[in-house]
Each structure stands twice: as structure tokens, then as C-alpha cells.
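Worksheet: one structure, shown below.
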Amino acid sequence: MADVFMNTYHRLPVTFAKGNGAWLTDVNGKNYLDFSSGIAVNCLGHNYPPLVKAIAEQAAKFNHISNYYMSDVSEAFAEKLVAACSGAGMRKVFLGNSGAEANEGACKIARKYSLVKHGPGRHQIVTLRGSFHGRTITTLSATGQDVFHKDFGPFTEGFVYVPGGDIAVLDKALDPNTTAGLLIEAIQGESGIKPQTPEYIAAAAKFCADRDILLMFDEVQAGVGRTGTFLACEAYGVKPDVVTLAKGLCGGVPAGAVLAGEKAMDVFQISDHGSTFGGNPLAAAAGLVILETVNKPEFLREIARKGEKLVSIIKGWNNPKVKEIRSRGLMIGVDITEEAWPVLEKGISRVYSIPGASGLLLLSAGKNTLRFLPPYIISDAEIEQGLEILKSCL
Ligand SMILES: *Cc1c(COP(=O)(O)O)cnc(C)c1O
């Protein structure tokens with residue numbers, strides 16, 4: 001491995017050369033089924049023809065022009081994105097490059113909204129234990145896991161953490177005298193696909209509405225169709241004030257978005273926020289293909305169906321090593337009795353004799369959870385092939 005990289009990643013021992021659909025091929029020609037989608041990013045798989053075409057055609061015009069000017073493609077993307085989120089009450093969008101940047105934007109919106117409307121002293125943002133909101137200093141602060149709160153201090157002040165699921169604690173934490181916003185992953189991704197209950201989310205929405213605290217959903221991992229609805233919050237039947245998106249948004253071209261409904265959509269005014277790369281034409285061209293493909297009822301239903309199929313196959317094994325399965329669409333966490341990382345290694349290092357498939361790419365979450373985030377275009381046969389490999393890894 002080239003040692004020019006800073007030593008930030010625990011990488012698995014494989015180097016890829018090309019991809020196609022739900023498959024990746026390494027430099028030695030070995031084929032792997034991809035159940036990870038580059039961590040929920042490549043939602044239409046690799047080398048998806050309309051996406052390749054859109055990116056290539058845009059690259060032949062221009063990649064980037066800066067946000068001093070508008071491009072037809074960025075405008076079309078923003079309009080389609082807001083429309084896709086309008087069922088959840090979203091009206092306007094700010095485009096950035098990543099999940100952390102989107103969450104930074106959300107925190108800024110909550111603080112300014114509260115300051116302008118209620119005056120100073122009401123700047124706190126409540127987040128959940130076990131959450132993950134990003135790697136910048138502020139989004140590390142927002143992340144409700146102590147392991148992230150070391151080495152880089154001082155961290156941004158004003159974050160309060162509550163355990164998910166406890167409505168009484170949330171009631172108390174959402175103090176209208178001190179709190180600007182609640183930032184929440186309805187389904188926690190990095191900590192192992194942990195959904196909040198509908199009762200908890202409904203209570204959170206009510207507290208926020210009654211107290212004029214912004215309800216902000218971090219859908220960086222769960223959004224853009226992954227759970228079987230375009231936004232995960234739709235299934236909870238609540239209308240947030242702010243939603244953040246990133247990972248799957250442009251199918252592999254870096255992008256992030258912070259969307260806001262009526263209450264918060266005009267908080268940002270000229271010079272309040274910005275991003276050099278945000279919403280650039282290349283990302284927008286890719287994002288348009290994602291929206292046109294994913295945001296269709298029948299396509300979203302298929303995501304839900306494939307997720308259910310994957311889960312039912314694993315359940316059918318009756319393997320005592322499988323302790324618990326949690327899922328929403330193609331966002332699936334499986335707790336196992338052994339450590340997850342060696343299972344990931346086995347998926348890569350061994351050569352399996354499943355026809356056509358000799359490796360499997362999986363993710364983990366924590367020590368004992370396998371995380372599945374396959375591309376939406378995966379076929380039933382590929383789900384079966386991948387799980388055959390997993391079966392022999394366990
Ligand atoms: C990945 C993730 C982030 C951070 O996104 P980056 O693009 O890595 O900055 C934030 N929130 C959630 C829920 C995520 O899954």
C-alpha cells in the first residue's frame with residue numbers, strides 16, 4: 001500500500017480496477033459482489049450507463065463555474081431535489097459537497113433561526129447518543145459518541161446528547177430557553193442500522209413544533225431512497241424543518257444538500273453561507289440521473305422488496321451466530337455473535353466457488369454488526385449469490 005496517504009483508514013487488502021453494476025473487479029481480475037456501495041454512495045451501482053453518459057456529456061460542456069453564476073443543469077437538479085422532498089415539507093435547498101458540510105449548514109440554520117427570532121442564549125443543539133454526523137470539528141461535537149470527542153479540542157460548544165428512545169429525557173433536554181434544534185438520524189447508520197420508534201419521532205416532532213425548536217433529520221445515509229421511501233422521515237409521517245442529504249445524492253460524485261421547509265428556508269441570506277464546489281454542474285448532472293431514476297414509486301417499492309428478500313434469506317438460515325437483524329429497505333444491520341471485521345476480511349481474501357462471484361464486499365458497524373448497503377439496482381440473483389458467500393464466511 002502506498003505510504004503517501006496519511007494513516008487514517010483501516011483498509012482491507014484489495015485494489016480495484018473497474019466496476020459494473022453490483023460488481024467490482026480487482027487488479028488481478030477477481031470479481032466481488034458489492035454489498036457496500038462505497039458506503040451507501042453508489043446507489044445505482046458502478047458504471048450505470050445513463051449516469052456515465054450524463055457525467056461525460058456535462059464534462060464536455062463544463063464541470064464547474066462557481067456559485068457566482070447559475071447553470072441550467074444545477075437549476076434543474078435543485079428544482080427536482082426540492083420537488084422530491086416536498087412531500088416532507090421541504091421548499092428550498094443549499095447545495096454542498098458532503099454530509100458533514102450539510103450538517104454544518106443545518107446547525108448554522110438552527111442557530112441563526114433561533115437568534116433572529118428569540119434572541120441570544122438559545123443556541124443548543126440536541127443530538128442522540130450513538131449518532132454520527134461527520135468529521136469536522138462541529139459535526140464531531142454533534143456526534144453523540146465520546147470516542148469522537150478527543151485529541152482535537154476545543155470542540156464546538158452547545159451540543160447536548162440524549163439516549164434514543166427515551167421520550168421523557170428528550171422532553172427535558174429540549175428546553176425552549178436554551179435549545180435551537182434537534183438533529184437526529186431517524187435510522188442511525190454508522191452505529192449499526194438502529195431505527196428510532198415512530199412514537200419517539202412523533203414525540204420529538206411535537207416537542208419541537210410546540211417549542212419552536214427546529215426538527216432536523218440527518219438523512220445523509222438513510223435518504224435518497226435507501227429505506228424504500230425517498231426520505232426516511234416520510235415513513236414516520238413527520239414533517240421536519242430541515243433535512244440533510246449526501247451519500248447517495250449524486251451516485252458517486254461528491255455532493256451534499258441541506259433542505260429546509262417553510263420555517264427555515266429563508267434563514268440564510270446573502271453571504272451567510274457558501275461552498276465553492278457546492279452544487280457544481282458535474283454533480284448536478286449526476287444528481288439529476290439519480291433523482292429521475294430513484295424517485296419513482298415502483299423503483300422505491302423494489303428497494304423495499306429487495307431489502308425484505310435479503311433479510312428473509314438470512315433469517316431462513318437459522319444460524320445461531322445471527323443474533324438480531326434490523327432493516328429499513330436496503331439499509332440492513334445484522335448483529336452476529338462473532339466479530340464483524342474478520343467476516344469482512346474473509347469476504348475479500350478467500351476465493352469462493354459461487355458461480356461468477358469470488359468475493360463479497362460488506363461493511364461493519366461497531367464490533368459485532370455486519371452492515372449491508374447494496375446498490376438499489378442489485379438483482380435477486382445477485383442478492384442470493386452474495387448471501388451464499390456470506391453464509392460460508394460465518
Ligand atoms: C456518512 C455520514 C455523515 C458524514 O458524511 P461525510 O460525507 O462523510 O461528511 C453524516 N451523517 C451521517 C448519518 C452519515 O452516515
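A quick note: this is a predicted structure, and the numbers were derived from the prediction, not measured. Order of appearance sets the numbers: ligands from 1, and atoms from 1 within every ligand. Sequence positions, counted from 1, serve as the residue numbers for this chain. Atoms considered below: every heavy atom in the structure, side chains included; atoms not considered: hydrogens, waters and symmetry mates.
The side chain to side chain donor-acceptor pair (under 3.5 Å) check on S71 picks up S74, with sequence neighbours excluded. Applying the ring pair (Phe, Tyr, Trp, His ring centres under 6.0 Å) test to H123 and every residue at least two apart in sequence or in another chain returns nothing. Scored by the ring pair (Phe, Tyr, Trp, His ring centres under 6.0 Å) test, Y113 finds no partners at all (sequence neighbours excluded).
Residues with a heavy atom under 4.0 Å from ligand 1: S98, G99, A100, N103, F132, H133, G134, E185, E190, D218, V220, Q221, K247.
Listed for the R122 side chain is a donor-acceptor partner under 3.5 Å among the backbone atoms of P176. A donor-acceptor pair is defined here as one N or O able to donate and one able to accept, closer than 3.5 Å; no such pair exists between the side chain of K323 and the backbone of D335.
The aromatic ring centres of H133 and F159 sit 6.0 Å or more apart.
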